[in-house]
Every structure is written in C-alpha cells, then in structure tokens.
Amino acid sequence: MLHPSIDAETAECDSAEGRRQSTRFPSRRTSTATAARTLSTTFVDVKMARSGHEEVTDSGAFDPSPSTFRSFVSRDSSARFPAAPGRYHLYVAYSCPWACRCLAFLKLKGLDHAIGFTSVKPVFERTKETDDHMGWVFPATKDEEPGAEPDPFNGAKSIRELYEIASRNYAGKPSVPVLWDKQLKTIVNNESAEIIRMLNSEFNEFAKNPDLDLYPAHLQASIDEINELVYEAINIGVYKCGFAKQQGPYDEAVTKLYEALDKCEDILSKQRFLCGNQLTEADVRLFTTLIRFDEVYSVYFKCNKKLIREYPNLFNYTKDIYQIPGISSTVNMEYIKKSYYGGYSPINPYGIIPVGPNIDYNAPHDREKFNA
C-alpha cells in the first residue's frame, strides 16, 4: 500500500510551476481556447503514476509530473467555463498544501457560498476492485471519516473516477485539487497556481470580499519573484528532501531549503508579509508549507536542521496568517498527520503517527508592530 500524502502532496508539482511556465492569469481569449489535455493509454495494466516515489530520476532526485487539465473559468459569460455561483465544485484533501491554497482563497474571498468543496479520506485505498491502483477515495457516509464526505454530485468512489468521467482514457495521476464543472461534468483545472488566480479575480461578482486582491498589479513582479523562490526551494523543496533516494540530491535540496527559509526570515524581520504590509498570494503559498513543517516535514521528510518555531519571524508570521478569519478552517492537523504518517510507505513503513508537537497557532504573535 502506498502512502496517501505522497500522491496528494505532489499533485501540483506541475508544469505551471515545476516546469517554470508562467502562472500569470491568462487572457480570456486564451482561457476559452485552452482545452484539457489527456493522456491516452489503457487502464488494463494500471500504468498511472501513484506516488512521488515513482517520479524520481536516475540520479535519485524527485522530478514531479505535470498537471493535465488546464482550462480556465472566466468572468466572460460567453466563455466555455463562465463564472457562475453554484456551477463549480472543489475537490481537496486537507493534507495537500496545494489543495489547501485553493481552500484558503475560497475562504479569504468569501466564495465558499458560491463554490462548494469536498475532501477525500486521508489515507489511500483501492480505487477499483478490478485492479491494484491505490489512491484518494471518498467515504461511503459523511460520518465515516472526520473531515471527509461522499462525492455529492457524481456518486464517485474515488478521485480517479472523476478523472475518468472527465476523460475516458485518462492515465495520468489522479490528483487534487480538482476544480469541477457540475454542468459539463468535467474537470476544468487541476493546477492550484491557476485555480487560485481564478478565485482571486474571476468570481468577484459573487464574492463577499470582492475588493480583496491577492495578486494586485503593483505587486505582481514582487509576488512572482517570491513565488519562484518559495516554490522551488520550500514548497517543492521539502518533497525533494523527503523523496530523495540518494544522499547527493537530499543534501542539495536541504541546503536550498534552509537558504530560502533564512531569506524569508530576513524579509519578515522588516515587514509584516512577504511583499510588504499586505497579504498576497505569495503568503498563502508559503503558509501552507509552514503550517505543516514542524508537525510533519521536520520528521517525515528529514527537514530537521531547524524548526519553524525556532525562527522568530517565520513562526509569528505563521500564527498571524493562521489567525486571519477563515484560514484556521483550512488546517485539519489530525487529518494531515494521519494522511502523511498513517499509511504504509517506504518512508514510514509501520504507519506510526508521532504524538507531537501540537503547536498552538492561536497563541499571540507580534506582527501588528509593522502596521503601527
């Protein structure tokens, strides 16, 4: 049995970020013309990638596969996927930092009344009785697994089934997040970097916080620069540490990880957030890694040189963001730890879940000093 988090957490290590393509929100013309890409093969031998352990180069370095569905919701009513309340649904796993970016945007923008979401179970299970594929599955009832619910629209038993509804011959990695179109019964997009841009700008007509812009024009260059640093060295960096199969790739990844954390610590010693004194997309993208760092990555991925709570600014910054209304609801630490530690994997073969450290992120922080 493969560990659940390995597939989920690598779900968005994709072409838009990992392959260094632009994550700027495309024009509406591009959005409506972009079609979901699919891979054609048979499911007979179940050749779809199942875990990050299968995405490692000959040199022992982690090299994630790209996302495959890359269409866009647009505020243009003539678009193939027009923004509309109640039309779209988000499928997530609380353990996945990329999926939780999307949840954070949903909460911050006040869109959870217009776009619903459903979380899968935290531990991988068999997705079909006819083959050996293990992946994200839905519970049979809403009471089966805390935080998880059955698929409310398609009756799907797994995320894999959703991908197969969207594309009969899909043979890629059935990952989360999934932005689902209930009307066309298809996946719009499974790339978090693009989903959050849609949530930021294309649904403002229905948002409770339409004036909140997490990717403002005057900060876009700064945000893009920070995103590049954070994604390569921190977001995906912890996985490069954890999935490395040789000492050299691990040493390289962990060095870059702590150099980047030190740089962020220095930036946050001078201002409240990464790009100044206002919250931006860059902060949300870093937060979802930081909130998991001491509880999971320090142990599970061998990122133990220094803990986040040993960085005064990064630790207070993490508490600051956690305490923004709506954000704490996107963090289910019991689920997160069960997902990473609780399934059999080469990293933690006995599935033992560590007891601590149970950090209180509601404790006071000092970040308001930058707004004084």
Side-chain angles (χ1 to χ4, degrees), residues 11-12 14-17 19 21-39 66-92 98-99 101-118 151-154 156 159 162-170 172 174-217 220 223-224 227 281 284-285:
E12 291 304 322
D14 49 42
S15 58
E17 294 185 294
R19 309 302 183 194
Q21 292 182 6
S22 172
T23 56
R24 291 182 180 276
F25 197 86
S27 66
R28 295 194 183 97
R29 181 169 56 189
T30 301
S31 302
T32 56
T34 303
R37 298 197 306 272
T38 58
L39 303 175
S67 296
T68 49
F69 289 87
R70 307 295 287 277
S71 296
F72 293 83
V73 175
S74 171
R75 71 188 78 173
D76 184 347
S77 61
S78 67
R80 182 190 178 199
F81 299 108
R87 176 165 175 167
Y88 302 98
H89 196 75
L90 193 64
Y91 291 97
V92 303
W98 284 272
R101 291 177 180 179
C102 301
L103 276 185
F105 269 68
L106 208 65
K107 298 292 186 178
L108 290 168
K109 292 289 294 187
L111 283 169
D112 43 345
H113 69 289
I115 303 172
F117 68 91
T118 299
D151 174 28
F153 305 110
N154 306 286
I159 291 293
L162 292 179
Y163 278 76
E164 292 175 351
I165 292 171
S167 174
R168 275 181 55 190
N169 294 323
Y170 186 81
S175 60
V176 290
V178 166
L179 183 62
W180 181 262
D181 182 347
K182 295 187 284 183
Q183 181 173 312
L184 297 182
K185 291 187 177 298
T186 193
I187 297 172
V188 180
N189 199 295
N190 67 340
E191 164 51 61
S192 70
E194 294 170 352
I195 294 172
I196 63 177
R197 296 281 172 88
M198 298 178 220
L199 297 177
N200 183 58
S201 63
E202 301 305 291
F203 292 88
N204 278 339
E205 182 180 352
F206 319 108
K208 293 180 180 178
N209 300 314
D211 295 330
L212 175 65
D213 187 356
L214 295 164
Y215 191 60
Q220 286 179 6
I223 292 170
D224 290 344
N227 283 350
E281 170 191 297
V284 175
R285 290 165 55 121

>> Apply side chain to side chain contact (heavy atoms under 4.5 Å, CB included) to residues M198 and L179 and explain how you reach the verdict.
In response: CA-CA 10 Å; M198 298 178 220; L179 183 62; 3.9 Å; yes
> What do the steps show when you test H89 against F153 for ring pair (Phe, Tyr, Trp, His ring centres under 6.0 Å), and what is the final call?
Replying inline: CA-CA 9 Å; H89 196 75; F153 305 110; 4.7 Å; yes
Got a second to check how far [X]'s [atom1] is from [Y]'s [atom2], nearest 0.5 Å?
X	Y	atom1	atom2	value
F206	N204	CZ	CG	10.0 Å
D213	E281	CG	CD	10.0 Å
I187	T68	CD1	OG1	7.0 Å
S192	L90	OG	CG	10.0 Å
L106	I196	CG	CD1	12.5 Å
R80	L184	CZ	CG	6.0 Å

[X] versus [Y]: any side-chain heavy-atom pair under 4.5 Å?
X	Y	answer
W180	K185	yes
P85	H113	no
F203	V73	yes
D76	P82	no

> Going through the distances and angles, do Y215 and N227 end up as a side-chain hydrogen bond (donor to acceptor under 3.5 Å, both in side chains)?
Replying inline: CA-CA 12 Å; Y215 191 60; N227 283 350; over 6 Å; no
>> Please check: side-chain N/O of D112 versus main-chain N/O of K107, any donor-acceptor pairing under 3.5 Å?
In response: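 Checking the backbone N and O of K107 against the side chain of D112, no donor-acceptor pair under 3.5 Å is found.
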> Taking K109 for the side chain and N200 for the main chain, is one N or O donor matched with an acceptor at less than 3.5 Å?
Replying inline: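 Yes: the side chain of K109 pairs with the backbone of N200.
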> Taking only residues two or more places apart in sequence, or in another chain, which ones meet N209 in a side chain to side chain contact (heavy atoms under 4.5 Å, CB included)?
Replying inline: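 N209 satisfies side chain to side chain contact (heavy atoms under 4.5 Å, CB included) with L212 only.
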>> K182 vs N154, test: side-chain hydrogen bond (donor to acceptor under 3.5 Å, both in side chains). Steps then yes/no.
In response: CA-CA 9 Å; K182 295 187 284 183; N154 306 286; over 6 Å; no
> What heavy-atom pair brings P174 and G172 nearest, and what distance separates the two atoms?
Replying inline: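 Taking P174 first and G172 second, the nearest heavy atoms are CD-O, 3.4 Å.
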>> On a heavy-atom basis, which atom in A156 and which in L162 lie closest, and how many Å separate them?
In response: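 A156 and L162 have their closest heavy atoms at CB-CD2, 3.9 Å.
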> Under the side chain to side chain contact (heavy atoms under 4.5 Å, CB included) criterion, do W98 and I195 qualify, and how do the steps go?
Replying inline: CA-CA 10 Å; W98 284 272; I195 294 172; over 6 Å; no
> For Y163, which residues count as a ring-ring contact (aromatic ring centres under 6.0 Å, His included) partner, sequence neighbours excluded?
Replying inline: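 Y163 satisfies ring-ring contact (aromatic ring centres under 6.0 Å, His included) with F69, Y170 once adjacent residues are dropped.
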> Could you walk me through whether R197 and E202 pass the salt bridge (Lys or Arg N to Asp or Glu O under 4.0 Å) check?
Replying inline: CA-CA 8 Å; R197 296 281 172 88; E202 301 305 291; over 6 Å; no
> Given the rule in the salt bridge (Lys or Arg N to Asp or Glu O under 4.0 Å) test, do R75 and E205 qualify, once you have shown the distances and angles that lead to the verdict?
Replying inline: CA-CA 8 Å; R75 71 188 78 173; E205 182 180 352; over 6 Å; no
>> Quick one, L214 with L199, criterion side chain to side chain contact (heavy atoms under 4.5 Å, CB included). Give me CA distance, side-chain angles, the key distance, then yes/no.
In response: CA-CA 10 Å; L214 295 164; L199 297 177; over 6 Å; no
> Between V188 and F72, does a side chain to side chain contact (heavy atoms under 4.5 Å, CB included) hold up when you go through it step by step?
Replying inline: CA-CA 6 Å; V188 180; F72 293 83; 5.8 Å; no
